[in-house]
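For reference, the structure is listed below as structure tokens.
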Amino acid sequence: MHVLAQTGRLPDHQYLDQHTLTWIAGHRPTGPGVRATMPHRPVLLVPDDSWFASPAVIDSIHGSRHNARVALLVQLLAHHHGLDHGSALALAAAAACHDCRRHHDRDDPGHGQRAARWLAGNLDTVAAAFGKTVTAETITAVYLHDHPYDAFTDDQARAYRRSSLLVDLLKAADALDRYRLPLARWWPDLSRLRVAVPAWLLPIAFDLVLHSEQARLDGAAHREALDHALHTVLPE
């Protein structure tokens with residue numbers, strides 16, 4: 001992927017390879033060695049393969065592991081910004097599905113709206129899988145996550161004002177998982193976010209990518225790879 005990205009030849013469906021992950025590992029961001037402290041350990045929420053609109057996306061850079069990592073990161077961010085535990089879990093449940101209706105790994109306009117509609121129509125399915133029901137406000141966050149702030153329509157701006165913190169947290173968590181992308185200029189740009197990201201969270205986000213993707217390349221299933229990464233990066 002790294003070589004293809006350098007030459008502008010990335011395909012519609014993109015899968016991390018060992019060469020690219022080795023390159024990513026060699027560019028670890030610096031940050032304070034501060035361990036995250038939370039009253040509740042982040043919960044691992046892995047979307048079911050059947051929830052994805054395209055089977056080709058399940059193992060891609062917008063697939064199962066990306067959605068699950070964003071669900072972990074949004075819990076860390078939510079705690080940092082004072083969101084209560086129940087609301088944080090509801091947002092995490094929605095975050096675990098935010099890209100599930102993508103057709104490919106390019107911009108794919110409208111995939112947030114498609115995911116929001118899918119969530120609204122599958123509340124019981126998600127609740128049964130995750131033990132937490134998503135709310136209307138968290139569905140709004142999924143709907144708006146792929147829209148730039150300065151491109152909101154009037155209706156989207158009104159929806160944003162009703163759920164602004166949840167939208168901001170999901171956008172930030174989604175951005176933090178950009179360390180999986182094959183060029184450093186595509187990595188997190190904190191100036192584009194509307195919530196503060198603590199410096200200690202950047203290395204955590206990076207290491208979640210590194211450990212989960214390496215485990216997957218080594219043959220682990222999605223959940224096993226993510227569980228390994230979670231316990232390596234945030235040991236109990």
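In this text the structure is predicted, and so the values were computed from the model without any measurement. Basis for what follows: all heavy atoms, side chains included, without hydrogens, waters or symmetry-related copies.
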Does L4 offer a backbone N or O that forms a donor-acceptor pair with the side chain of T7 under 3.5 Å? yes

Under the criterion ring-ring contact (aromatic ring centres under 6.0 Å, His included), which of H62, H147, H145 is the partner of H111? H145

Short question: side chain of T20, backbone of M1 - any donor-acceptor pair under 3.5 Å? yes

To the nearest 0.5 Å, atom CG of D218 lies from atom NE2 of H228 at 8.5 Å

Less than 4.5 Å apart, any side-chain heavy atom of F152 and any of P148? no

Atom pair OG/CG of S60 and D99 - distance to nearest 0.5 Å: 8.5 Å

What is the minimum heavy-atom distance between H80 and A196, and which atoms define it? CD2-O, 4.2 Å

Nearest heavy-atom approach of D207 to R28 is OD2-NH2, 2.6 Å

Judged by atom type as modelled, is there a donor-acceptor pair below 3.5 Å linking the side chain of R178 to the main-chain atoms of W186? yes

Taking every non-hydrogen atom, the tightest pair across K132 and A93: O-CB, 4.2 Å

Approximate separation, where rounding is to 0.5 Å, of H81 NE2 and L76 CG: 11.0 Å

So if you build clusters from Ile, Leu, Val, Met, Phe, Trp, Tyr with side-chain heavy-atom gaps below 4.5 Å, do L201 and L44 land together? yes

In short, R65 meets D59 closest at the heavy-atom pair NH1-OD1, 2.6 Å

L83 backbone acceptor or donor facing S87 side chain under 3.5 Å: no

Give the intermediate values and the outcome of side-chain contact (heavy atoms from CB on, under 4.5 Å) for residues H13 and S54. CA-CA 10 Å; H13 297 101; S54 169; 4.1 Å; yes

Check: Y179 and L202 side chains under 4.5 Å, non-hydrogen atoms: yes

Among all residues two or more places apart in sequence or in another chain, which pass the side-chain hydrogen bond (donor to acceptor under 3.5 Å, both in side chains) test with H85? none

Is the shortest distance from a Lys or Arg side-chain nitrogen in D168 or K171 to a carboxylate oxygen in the other one below 4.0 Å? no

Under the side chain to side chain donor-acceptor pair (under 3.5 Å) criterion, do S191 and D189 qualify, and how do the steps go? CA-CA 5 Å; S191 70; D189 180 356; 2.6 Å; yes

Is the number of heavy atoms from other residues, nucleotides or ligands under 6.0 Å of R192 CZ greater than 12? no

Do Y15 and L183 belong together in a cluster built from hydrophobic side chains that touch within less than 4.5 Å? no

Return yes if some donor-acceptor pair links the side-chain N/O of D12 with the main-chain N/O of H104 below 3.5 Å, else return no. no

For side chain to side chain donor-acceptor pair (under 3.5 Å), just list the numbers for T140 and R162, CA-CA rounded to whole Å, side-chain angles, deciding distance to a tenth of an Å, and then say yes or no. CA-CA 9 Å; T140 295; R162 293 192 295 269; 5.9 Å; no

Evaluate D146 against Q113 for side-chain contact (heavy atoms from CB on, under 4.5 Å), listing each step before the verdict. CA-CA 9 Å; D146 61 333; Q113 184 177 38; over 6 Å; no

Would you say the side-chain atoms of D105 pair up with the backbone N or O of Q14, donor to acceptor, closer than 3.5 Å? yes

Quick one: CG on L77 to NE2 on H79, what's the gap to the nearest 0.5 Å? 11.0 Å

Hey, does the Lys NZ or Arg CZ of R194 hover above the aromatic six-ring of Y149, less than 6.0 Å from the centre and inside 45° of the axis? yes

State plainly whether one hydrophobic cluster holds both L144 and L165, where clusters connect Ile, Leu, Val, Met, Phe, Trp and Tyr through side-chain heavy atoms under 4.5 angstrom apart. no

Would you call F130 and V43 a side-chain contact if the rule is heavy atoms closer than 4.5 Å? no

So, for V126 and C97, which heavy atoms are closest and what is the spacing to 0.1 Å? CG2-SG, 4.3 Å

same_hphob_cluster(L181, V3) at 4.5 Å side-chain heavy-atom cutoff: no

Does R117 have more than 12 heavy atoms from other residues, nucleotides or ligands lying within 6.0 Å of its CZ? no

Measuring only between side-chain heavy atoms, which start at C-beta, is S164 closer than 4.5 Å to V167? no

As an exercise, state the distance from CH2 of W118 to CZ of F52, rounded to the nearest 0.5 Å. 9.0 Å

Can you classify the ring geometry of H27 versus W187 as parallel (below 30°), tilted (30 to 60°) or perpendicular (above 60°)? perpendicular

Other residues, nucleotides, ligands: >12 heavy atoms within 6.0 Å of D107 CG: no

Same apolar cluster (I L V M F W Y, side chains within < 4.5 Å links), L16/L226: yes

Do I139 and V142 come within less than 4.5 Å of each other through their side chains, counting heavy atoms only? no

Compute whether any side-chain donor of one residue and acceptor of the other, for D177 and H66, lie under 3.5 angstrom apart. yes

Just wondering, do V46 and D227 contact through their side chains at under 4.5 Å, heavy atoms? no

On a heavy-atom basis, which atom in R216 and which in A221 lie closest, and how many Å separate them? NH1-CA, 3.6 Å

Determine whether a donor-acceptor pair (N or O, by modelled atom type, separation under 3.5 Å) exists between the side chain of R41 and the backbone of L234. yes

Hey, could you give me the CZ/NE2 distance between F206 and H211, rounded to the nearest 0.5 Å? 9.0 Å

Verify, without hydrogens or angle tests, whether R101 (side chain) and L119 (backbone) share a donor-acceptor contact under 3.5 angstrom. no

Do H222 and D49 touch side chain to side chain, with heavy atoms closer than 4.5 Å? yes

Could you verify whether a donor N or O on one side chain and an acceptor N or O on the other, from D48 and S50, lie under 3.5 Å apart? yes

State, yes or no, whether a side-chain contact exists between L170 and T138 at a heavy-atom distance under 4.5 Å. no

